[in-house]
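Worth knowing before you read on, the calculation uses all heavy atoms, side chains too, and leaves out hydrogens, waters and symmetry mates.
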Amino acid sequence: MKREWSLIIVLFFAIIVAVFAVINVEPVGVDYVFGTAQWPLVLVILGSAMLGALTVGAAGSVRYLSMKRELRSLLRENRQMKSDFETNGEQALRSSENKENNEEQQEKVFGSDTPSR
């Protein structure tokens, strides 16, 4: 549903820009680094809007690709950790249980004055 609302908002702003551009058709001077030119204001407005949209789209694409690369890396790391746990986790769990049992037995034999971790 969020995507549909975004599309509606974008279309609304596109209509506003188009109406504003069509109303302003008189020629204006555009200064470049090496000179000036006369352009209809409608083209200046639409061109500026297009350049803005391209800039935002490019920045969004860079961020999207960066997040996608990070996600792939994290998924790879997650799979590696799962496979490591499947192979070594049961052994580590048994080892941990044995260690706890040994500490309990030592506590019974030597009393509670042994330092605990």
Residues 45-54 side chain polar contacts: donor-acceptor under 3.5 Å, at least two apart:
residue, atom, partner, partner atom, Å
Ser48, OG, Val44, O, 2.8

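Hydrophobic cluster of Met67: no remaining members, since no ILVMFWY side chain lies below 4.5 Å from it. In this structure, Val56 stands alone, with no Ile, Leu, Val, Met, Phe, Trp or Tyr side-chain heavy atom under 4.5 Å from its own, directly or through other members. Clustering of Ile, Leu, Val, Met, Phe, Trp and Tyr side chains at separations under 4.5 Å places Ile15 together with Val19, Ile23. Residue Leu75 belongs to a hydrophobic cluster whose other members are Leu71, with links defined by side-chain heavy atoms closer than 4.5 Å.
When hydrophobic clusters are built by joining Ile, Leu, Val, Met, Phe, Trp and Tyr residues whose side-chain heavy atoms come closer than 4.5 Å, directly or via intermediates, Phe13 is not grouped with Val10.
For Glu77, the side chain to side chain contact (heavy atoms under 4.5 Å, CB included) partners two or more places apart in sequence, or in a different chain, are Leu74, Met81. With sequence neighbours excluded, the residues satisfying side chain to side chain contact (heavy atoms under 4.5 Å, CB included) with Leu11 are Leu7.
The stretch residues 27-43 participates, sequence neighbours left out, in these side chain to side chain donor-acceptor pair (under 3.5 Å) pairs: Tyr32-Trp39. The side chain to side chain donor-acceptor pair (under 3.5 Å) analysis of residues 61-71, with sequence neighbours excluded, yields no pairs. Screening residues 5-27 for side chain to side chain donor-acceptor pair (under 3.5 Å), with sequence neighbours left out, gives no hits.
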